[in-house]
Amino acid sequence: MKITRCTAPILASLLLLVAWGSQAQVLQAGDASEDYEFNSSDLVQVFAAGRYRTANTAKWADGDWNGAPGGSAGSPPSGDDLFDEFDVVAAFYTGLYETGSYIGRGPTEPAPLPAPVLGGGRTGDNQTSLIYDALTGEVSVDPPGRDDLTTIHLISRTGIFDGSQVPAGTLPGLFDVAQDDSIFKLEPGGFGAISLGTIAPPGLTEGQFRTDVSVHGSLGGGGGLGAVDLVFVAAPDLQAGDANEDYEFNSSDLVLVFASGLYKSAGPANWSEGDWDGAPGGFAGSPPPGDGFFDEIDIVAAYHTGLYETGSYVGRGPSVSAPGPAPVLGGGVLGDAQASLVYDTFTGEVSVDPPAGVTLTTIHLISATGFFDATQLAPQTLTGLFDVAQDESIFKLEPEGFGAISLGTIAPPGLTDAQFRADVSVHGSLSGGGSLGAVDLVFIDAPVLQAGDANEDYEFNAADLVLAFAAGRYKTPGPAAWAEGDWDGAPGGSAGSPPVGDGLFDEVDLVAAFVTGLYETGSYARLGPAEPAPEPAPLVAGGMPGDAQTSLHYDRETGEVRVDPPAGVTLTTIHLISATGFFDGLQVPPGTLTGLFDVAQDDSIFKLEPDGFGAISLGTIAPPGLTDAEFRADISVHGSLSGGGSLGDVDLIGPAIFLDGFEDAVPVKTLWQKILGAAGNSD
């Protein structure tokens, strides 16, 4: 018989009558039209009724299917009078969606109710798994083996979910739900492993999550999920320094804790205010308690981790707390594998020498009796916001790391080895993380000379560079003595008996001098100079540009000062000294004083260029309008020539005509304009 559009409905009706009459088939969930098929027509019908997830009573034809399987066409089973996710799961649990007539087949058992999540489990096994990340609150679903899911329904007993955190595009269907107590996804074609986003609170324990959450759903091809287990990803311990609990330690954390204003206060301070000495421990939202204070101990603990500005430390980072201060040990040699404190009995100077090849991020010296004298700290040594200079506590922080450093004459001179070690304890942290370990004492009975101190006056300043370059040994075959720049044997020796280097004066010596950190910082020992440095000479009158003498040019209208070396010669150093401090170093042109040793101060302008430099403008550093006499009375100058030797006499050249009998001068530019104006020519 040929089936036409007219005969097809009749045939279907006959089949239904036969099936009904035989009472061999019960209705299955999803079959809203009771035609013994579950397809898109049924979904259109129930959604047209508008009962989904409403308080309105729903019948079988409106989606109330959780009483199935049961009944028959014309007499469907009763459910809970609602149309919600439970009904949809029951329908897709059957595995009958879009598979044609289910007469003679289909489930004989109702879909299981939601079940609690079990402990244990791992991804990729034969069980459906929920994955909870306690760090972020992310929840993922992993189906069993290679199966796909058609539905997944997570239910929170206390409404802990945050549906707004579901990633866009994850729950796009008409049936899908994202609410505090219910997360539901339907995909008739099936879906695999999926992240539902950070829908749960972070920091839950495994027991808390499993107590609150239950789950059910259906597999592609029919059937329920079976047992569902939990893969628990524990939150890492919070590390010291992570004030905002974002699992990074960076400058944002330091800004946060210092905004609290509790550093070295009477407290109390909490974790977000710098109390980090209880770390590692806790997790975001529940940091570990400390001693209730924010002080140097907390900073050392933070930098001990080695995590500063290294990004997220999730999955890495220290597992033990930073050690406390340790006493200083006897013995020790500079440059070995242990950090050293260097104590000079003559001056009371204390220096820090890190282990070979390593830099420090923090150093903390603690005096049991408070015998430090913080006023004697070397200038510019403790300049950071965290740095501390007190009688009982000396602390330095440099996140980028620092090497050997002098803290100045902070200790009383004349202590014995035993006295110093009995009073002082120390701790700190290394660049890259980790503590100092054992710290030993290098005990110095007499002051030692430091690199750069050519005149052996226990200061390293511009006078030393002038002396060394005047000898003319720089980058020559030598030989060079200490006073001529051979400093790479330092530190060592004493005034009158400097240490021996390699007999040369070159870049190695300059680097050795600069790394001392002593340049222009004043005396590094309580000892007077052995030999006075050559005194700068005053300017002399007269002279012309390009002659055999070094000249200074002073522009009376602008205050510009230029240096003009002798004809055919370049300079290695130039040092201008103002008796009244009338220079303005801010006016030096950019790029003019860029060297490691260069200085621009109110009383001192200094430039070093080992390879030599020619005529140069130092900018408008002087006040305009000075007379020749005023300028020369205030300024003295010295320096050195390429190839060796000092500047000799330095004369002053100014663009002004000084007329006999007149104290003031007429600038050349002004005079020339008057002459041109009188001639009727302005060009």
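Residues take their numbers from the sequence shown, with the count starting at 1.
- Looking at heavy atoms from C-beta onward, P355 lies in side-chain contact with L430 at the 4.5 angstrom threshold.
- With rounding to the nearest 0.5 Å, the separation of CG in L154 from OG in S182 is 8.5 Å.
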Next item on the list: Show the numbers, then the answer: is there a side-chain contact (heavy atoms from CB on, under 4.5 Å) between V424 and F372?
Entry: CA-CA 10 Å; V424 176; F372 294 138; 4.2 Å; yes
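- Side chain of D212 to backbone of S156: no donor-acceptor contact under 3.5 angstrom is found.
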Atom pairs and distances, side-chain donor-acceptor, residues 219-234, under 3.5 Å, sequence neighbours left out:
| unit_1 | atom_1 | unit_2 | atom_2 | d |
| --- | --- | --- | --- | --- |
| D229 | OD1 | S129 | OG | 2.6 |

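- The distance from atom OG of S429 to atom CG of L360, rounded to the nearest 0.5 Å, is 7.5 Å.
- Within a 6.0 Å sphere centred on NZ of K59, heavy atoms belonging to other residues, nucleotides or ligands number 12 at most.
- Here the shortest heavy-atom pairing between P354 and A404 reads CD-N, 3.5 Å.
- Side chain of T305 to backbone of A302: a donor-acceptor contact under 3.5 angstrom is found.
- Within the 4.5 Å cutoff, the side chain of L135 has no heavy atoms near those of the F283 side chain.
- Put simply, the side chain of N244 never gets that close to the backbone of S272: no donor and acceptor are under 3.5 Å apart.
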Item checked: Verdict with supporting geometry, I363 and F402, side-chain contact (heavy atoms from CB on, under 4.5 Å) -> CA-CA 10 Å; I363 188 72; F402 60 94; 3.9 Å; yes
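- Expressed to the nearest 0.5 Å, how far NE2 of H304 lies from OG1 of T361 amounts to 10.0 Å.
- Closest of all the heavy-atom pairs between G401 and S431 is CA-OG, 3.7 Å.
- Legend: ring pair (Phe, Tyr, Trp, His ring centres under 6.0 Å) pairs involving residues 182-208, not counting sequence neighbours, sorted by first then second residue: H153-F184.
- Using a 4.5 Å cut-off on side-chain heavy atoms (C-beta onward), L365 and L407 make contact.
- With hydrogens and angles disregarded, no donor-acceptor distance shorter than 3.5 Å links the side chain of W60 to the backbone of W65.
- Residues L204 and I160 have side chains in contact (heavy-atom distance under 4.5 Å, counting atoms from C-beta outward).
- A donor-acceptor contact shorter than 3.5 Å links the side chain of E34 to the backbone of G74.
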Identify every side-chain donor-acceptor pair in residues 173-181 under 3.5 Å, counting partners at least two apart or on other chains, and give the distances.
| unit_1 | atom_1 | unit_2 | atom_2 | d |
| --- | --- | --- | --- | --- |
| D176 | OD1 | L186 | N | 2.8 |
| D176 | OD2 | G173 | N | 2.8 |
| Q179 | OE1 | R53 | NH2 | 2.4 |

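- Within the 3.5 Å criterion, the main-chain N or O of L149 finds no donor-acceptor partner in the side chain of E187.
- Between V257 and E273 there is no side-chain heavy-atom pair separated by less than 4.5 Å.
- Residues meeting the ring pair (Phe, Tyr, Trp, His ring centres under 6.0 Å) test with F161, sequence neighbours left out: none.
- Residue pairs satisfying the salt bridge (charged side-chain N to carboxylate O under 4.0 Å, His left out) criterion with at least one member in residues 238-256, sequence neighbours excluded, are absent.
- Residues R157 and S214 are not in side-chain contact: their nearest non-hydrogen atoms beyond the backbone lie 4.5 Å or more apart.
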Next item on the list: Evaluate ring pair (Phe, Tyr, Trp, His ring centres under 6.0 Å) for F83 paired with F47, printing each intermediate quantity in order.
Entry: CA-CA 10 Å; F83 176 33; F47 268 87; 5.7 Å; yes
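- For the atom pair OG (S140) and CG (D133), the distance works out to 8.5 Å, reported to the nearest 0.5 Å.
- The backbone N or O of N66 lies less than 3.5 Å from a partner atom in the side chain of D87, making a donor-acceptor pair.
- Ring planes of Y308 and Y303: tilted class, angle from 30 to 60°.
- For the pair S265 and G261, the tightest heavy-atom approach, listed with the atom from each and the gap, is CB-O, 4.5 Å.
- Contact detail for F294 and G274: the closest heavy-atom pair is CD1-O, 3.1 Å.
- For the 3.5 Å distance criterion, the side chains of T198 and T136 fail to qualify, holding no donor opposite an acceptor.
- Atom NZ of K264 sits about 4.0 Å away from atom CD of Q390, to the nearest 0.5 Å.
- Using modelled atom types, no side-chain atom of D62 and backbone atom of A49 make a donor-acceptor pair closer than 3.5 Å.
- With hydrogens and angles disregarded, no donor-acceptor distance shorter than 3.5 Å links the side chain of T57 to the backbone of D81.
- S33 is linked by a side chain to side chain contact (heavy atoms under 4.5 Å, CB included) to D31, D35, D42, Q45, counting only residues two or more places apart in sequence or in another chain.
- Ring pair Y102/Y36 is tilted by interplanar angle, where 30° to 60° counts as tilted.
- In this structure, Y313 contributes its side chain and P236 its backbone to no donor-acceptor pair below 3.5 Å.
- In terms of heavy-atom proximity, D237 sits nearest to G281 at CB-N, 3.6 Å.
- Using a 4.5 Å heavy-atom cutoff, the side chains of V88 and Y52 are in contact.
- Of all the heavy atoms in I155 and F86, the pair that sits closest is CD1-CZ, 3.7 Å.
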Next item on the list: Could you give me the CA-CA distance, side-chain angles and deciding distance for L262 and F293, then say whether side-chain contact (heavy atoms from CB on, under 4.5 Å) is met?
Entry: CA-CA 8 Å; L262 295 177; F293 297 98; over 6 Å; no
Checklist line | Test side-chain contact (heavy atoms from CB on, under 4.5 Å) applied to F209 and V139, step by step | finding: CA-CA 11 Å; F209 189 92; V139 176; 4.2 Å; yes
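- Separating the OG1 atom in T381 from the CD1 atom in I405 is a distance of 5.0 Å, to the nearest 0.5 Å.
- In this structure the side chain of F38 never reaches within 4.5 angstrom of the side chain of T99, judged on heavy atoms.
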